[in-house]
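This report refers to the structure that appears directly beneath it.
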Amino acid sequence: AWISGGLTLSDNLLSLTLLLVYFAFDRLSPPFADSLSQAGTMSYGIYLMHIPVLEVLARSIYHGAPMVLSYQVVLQLLLIIGGVGLPVLFMTTAKVTPFRRYYAYAFG
């Protein structure tokens, strides 16, 4: 049997709790707020670039170092760091090159 689509008491309590927490801590800034804000401005560019980067990175690992495929933790770390780090590195580099005039059009 499928789960019914209606809201339950636990859904309402979770929603209410999250709203109250949001209002209670609206003036409190998180410890890494500036870094998170900068990462948030790059999120669209990361979203646009992560698929091709992961494709090239995975194929490179498959053909260049296939022994890494047997170590799931190492492979996942490489894909996560590469999938986020390489687009951020590319966008940061694009900001300081003559390409910067097109940066807003390419990455938002």
Side-chain angles (χ1 to χ4, degrees):
W2 290 95
I3 298 174
S4 65
L7 293 176
T8 62
L9 178 64
S10 62
D11 293 334
N12 290 331
L13 287 176
L14 177 66
S15 300
L16 179 65
T17 303
L18 290 176
L19 280 171
L20 290 175
V21 166
Y22 176 76
F23 289 130
F25 296 110
D26 66 336
R27 291 192 179 97
L28 183 68
S29 64
F32 301 107
D34 295 333
S35 300
L36 289 174
S37 176
Q38 185 177 5
T41 60
M42 297 180 128
S43 65
Y44 186 61
I46 294 170
Y47 165 74
L48 289 174
M49 292 183 61
H50 83 282
I51 299 275
V53 166
L54 285 176
E55 175 103 19
V56 169
L57 185 60
R59 287 181 186 263
S60 299
I61 292 171
Y62 177 76
H63 292 293
M67 71 289 288
V68 175
L69 299 174
S70 63
Y71 300 104
Q72 271 299 296
V73 174
V74 175
L75 178 64
Q76 288 298 315
L77 283 174
L78 286 173
L79 291 176
I80 291 169
I81 291 169
V84 175
L86 291 175
V88 167
L89 181 66
F90 182 79
M91 288 187 291
T92 304
T93 304
K95 282 183 182 178
V96 296
T97 62
F99 184 70
R100 69 178 165 264
R101 73 178 91 160
Y102 305 111
Y103 180 87
Y105 300 112
F107 304 118

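Both backbone and side-chain heavy atoms feed into the values below; hydrogens, waters and symmetry mates do not. Residue numbers run from 1 in the order of the sequence given.
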- [ ] Take atom OH of Tyr62 as the centre, draw a 6.0 Å sphere, and report whether it contains more than 12 heavy atoms from other residues, nucleotides or ligands.
- [x]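 Count not over threshold, so no.
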Open item on the list: Quick check on Asp34: does its CG atom have over 12 non-hydrogen neighbours (other residues, nucleotides or ligands) under 6.0 Å away?
Closed with: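 No.
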Should [X] and [Y] be regarded as members of a common hydrophobic cluster, given that ILVMFWY residues are connected when their side-chain heavy atoms come within less than 4.5 Å of each other, either directly or indirectly?
| X | Y | value |
| --- | --- | --- |
| Phe90 | Tyr102 | yes |
| Leu54 | Met49 | no |
| Tyr44 | Val53 | no |
| Leu75 | Ile80 | no |
| Leu77 | Leu57 | no |

TODO: Say whether, by atom type as modelled, one donor and one acceptor occur between the side chain of His50 and the main chain of Tyr47 under 3.5 angstrom.
DONE: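 Between the backbone of Tyr47 and the side chain of His50 there is a qualifying donor-acceptor contact (under 3.5 Å).
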- [ ] Could you tell me whether the side chain of Ser37 and the main chain of Ala33 form a donor-acceptor pair under 3.5 Å?
- [x]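 Pair absent, no side-chain N/O of Ser37 close to backbone of Ala33.
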Task: Pairs touching residues 41-70 that satisfy salt bridge (Lys or Arg N to Asp or Glu O under 4.0 Å), sequence neighbours left out - done: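 Sorted pair list: Glu55-Arg59.
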Return the [atom1] to [atom2] distance between [X] and [Y], rounded to the nearest 0.5 Å.
| X | Y | atom1 | atom2 | answer |
| --- | --- | --- | --- | --- |
| Gln76 | Ile81 | CD | CD1 | 11.0 Å |
| Phe25 | Leu20 | CZ | CG | 11.0 Å |
| Leu19 | Leu14 | CG | CG | 9.5 Å |
| Ile46 | Leu86 | CD1 | CG | 11.0 Å |
| Tyr103 | Lys95 | OH | NZ | 4.0 Å |
| Leu16 | Leu9 | CG | CG | 10.5 Å |

Task: Set of ring-ring contact (aromatic ring centres under 6.0 Å, His included) partners for Phe99, sequence neighbours left out - done: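 Checked Phe99 against ring-ring contact (aromatic ring centres under 6.0 Å, His included); zero matches.
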Considering all heavy atoms, the nearest [X]-[Y] contact:
| X | Y | value |
| --- | --- | --- |
| Met42 | Met91 | O-CE, 3.5 Å |
| Ser43 | Gly40 | OG-O, 2.8 Å |
| Gly82 | Pro87 | O-CD, 3.5 Å |

